[in-house]
Amino acid sequence: MEKILLSEKHKQLLFQIPLLRELEQDAKLSILDKLDYSVYSVEKKDVIAHQGVPCKKLYILLEGKLRVDIIDGLGNKVMIENIIAPRAFATPHLFGTDTTLPATFTAMEHCTLFTATKESTFNLISQNPKVLHNFLCITGNCNVCTVSRLKILSRKTVRERFVVYLFENKGNRSRIIPIAHTQSELAEYLNVTRPALSKEINKMTKERIIQMTGKSIEVLNEAALKGYVG
C-alpha cells in the first residue's frame, strides 16, 4: 500500500458512507481536523487487514472492492461477502473488550483506503451525536448481517443454502431476485463447490421452481421454495 493525498473527490466519497452521512456542513468541515487519518492506494490482491489481529483503526474503503474471508474451525477458507466502496468496514470491532478482527480483507481490484486512529475516531464519535447515532446503527446492521450469514451456513444441503440466499435477497412482493455475485463467487459465499451449485440450479430450473436469466432469478414456484426452508 502506498500513502497518497486526500483529494476533493475522496472527500466527497467520505461523506457518502453511512457513518458520516447527513451531517451539517460545519460538522463536515471540522471532521477532517479532528481525525488523525491517512489515505492509501491499494493494489489488487493486497491484504488490508488479517483475521485474528486487533482492530486498531477506522477503515473506510473510498474506491474499489474488497473480499472478506474467514478461516473456519476446520481450516476452510469461507467467503463472507464483498465490500463495495464507499463503505466503512470492521467498524463494530474498533471498540469493546474483544477487538479482534473476525475476517481477512483483501483488495479485489485497485482500491483507495482511508484510515483513522482509534483515539481520534473515539473523540469524533463522542463529540458528535449524529456520528454516534450512525455508529450505533451500523453496529446493529452488522449484527443482522451476521445472523443472515449464519442462517445460510447452518443449512446442510446445497439447495437449502441456495434457497435461503434467495429469500434473503428477495423483495417482499417481487418475483425477480437480482444476483450480485458471479456463480463462482456465489458458490464460495454458500461454501459449496461451483459444480454442485450449477447442478442444483439446473435441477431447480428443470423442475420449474426458478428461471435464471443473466444476473437475475425469477421465482416460478414460491411455495416449493418455502418447502425447503420451513
Side-chain angles (χ1 to χ4, degrees), residues 1-4 17-19 35-126 134-156 161 164-165 168 180-182 184-194:
M1 296 193 299
E2 179 184 357
K3 187 176 285 191
I4 60 175
I17 68 169
L19 180 64
L35 287 175
D36 180 6
Y37 69 89
S38 299
V39 185
Y40 298 92
S41 174
V42 183
E43 296 301 318
K44 183 178 180 180
K45 296 185 178 180
D46 281 355
V47 176
I48 290 175
H50 289 272
Q51 178 179 343
V53 303
C55 182
K56 296 181 178 180
K57 300 177 182 178
L58 170 68
Y59 291 101
I60 300 174
L61 184 68
L62 294 178
E63 297 176 298
K65 183 191 292 186
L66 301 181
R67 172 184 165 123
V68 185
D69 298 288
I70 64 168
I71 303 299
D72 66 17
L74 299 176
N76 300 311
K77 186 178 182 180
V78 180
M79 187 184 83
I80 299 300
E81 65 170 328
N82 291 332
I83 293 175
I84 299 175
R87 182 182 150 188
F89 60 95
T91 310
H93 306 286
L94 189 56
F95 305 111
T97 55
D98 183 4
T99 60
T100 303
L101 289 170
T104 295
F105 302 83
T106 307
M108 299 178 66
E109 58 191 33
H110 180 267
C111 299
T112 303
L113 179 70
F114 179 101
T115 69
T117 63
K118 178 184 290 191
E119 293 76 11
S120 66
T121 302
F122 178 80
N123 290 334
L124 172 65
I125 293 173
S126 62
N134 291 345
F135 177 83
L136 294 175
C137 289
I138 290 169
T139 302
N141 289 337
C142 285
N143 289 335
V144 171
C145 292
T146 300
V147 171
S148 175
R149 192 76 178 92
L150 291 175
K151 283 182 182 178
I152 292 174
L153 297 180
S154 66
R155 299 288 175 165
K156 294 182 179 180
R161 290 187 179 190
V164 171
Y165 171 85
E168 290 290 332
H181 305 89
T182 65
S184 295
E185 291 172 343
L186 181 55
E188 289 187 83
Y189 183 75
L190 301 178
N191 199 25
V192 300
T193 66
R194 188 182 183 281

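Not measured: the values here are computed from a predicted model. Sequential numbering from 1 along the given sequence is applied to the chain's residues.
Asn191 CG to Arg161 CZ: the interatomic distance, rounded to the nearest 0.5 Å, is 5.5 Å. Atom CD1 of Ile17 and atom CD1 of Ile60 lie 3.5 Å apart (nearest 0.5 Å). Interatomic distance, Tyr189 OH to Asn82 CG, rounded to the nearest 0.5 Å: 10.0 Å.
With sequence neighbours left out, Ser120 forms a side-chain hydrogen bond (donor to acceptor under 3.5 Å, both in side chains) with Thr117. Residues meeting the side-chain hydrogen bond (donor to acceptor under 3.5 Å, both in side chains) test with Asp69, sequence neighbours left out: Arg67. Taking the side-chain hydrogen bond (donor to acceptor under 3.5 Å, both in side chains) definition, one finds that Tyr37 meets it with nothing, sequence neighbours left out. In terms of the side chain to side chain contact (heavy atoms under 4.5 Å, CB included) criterion, residue partners of Phe95 (sequence neighbours excluded) are, by chain and number, Lys118, Thr121, Phe122, Ile125, Phe135. For the side-chain hydrogen bond (donor to acceptor under 3.5 Å, both in side chains) test, no residue two or more places apart in sequence or in another chain qualifies with Thr99.
Closest approach of Tyr165 to His181, counting heavy atoms only: OH-ND1, 3.1 Å. Contact detail for Leu61 and Gly64: the closest heavy-atom pair is CD2-O, 3.5 Å. Scanning all heavy atoms of the two residues, the minimum distance from Ala90 to Cys55 falls at O-SG, 3.9 Å. Residues Ile48 and Val42 share a closest heavy-atom pair of CG1-CG1, 4.2 Å. Across all non-hydrogen atoms, the minimal contact from Ala116 to Leu35 is CB-CD2, 4.0 Å. What you find for Val78 and Glu188 is that their closest heavy atoms are CG1-O, 4.5 Å.
Here the side chains of Leu19 and Leu58 are in contact, with some heavy-atom distance below 4.5 Å.
The pair Glu185-Lys65 does not meet the salt-bridge criterion, since no charged nitrogen lies less than 4.0 angstrom from a carboxylate oxygen.
Within the structure, salt bridge (charged side-chain N to carboxylate O under 4.0 Å, His left out) contacts touching residues 40-58 (residues at least two apart or in different chains) do not occur. Residue pairs meeting the ring pair (Phe, Tyr, Trp, His ring centres under 6.0 Å) criterion with at least one member in residues 40-69, sequence neighbours excluded, are Tyr59-Phe89.
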Quiz: residues 102-115 side-chain donor-acceptor pairs under 3.5 angstrom, not counting sequence neighbours:
unit_1, atom_1, unit_2, atom_2, d
Thr104, OG1, Gln51, N, 3.0
His110, NE2, Ser41, OG, 2.8
Thr112, OG1, Glu63, OE1, 2.6

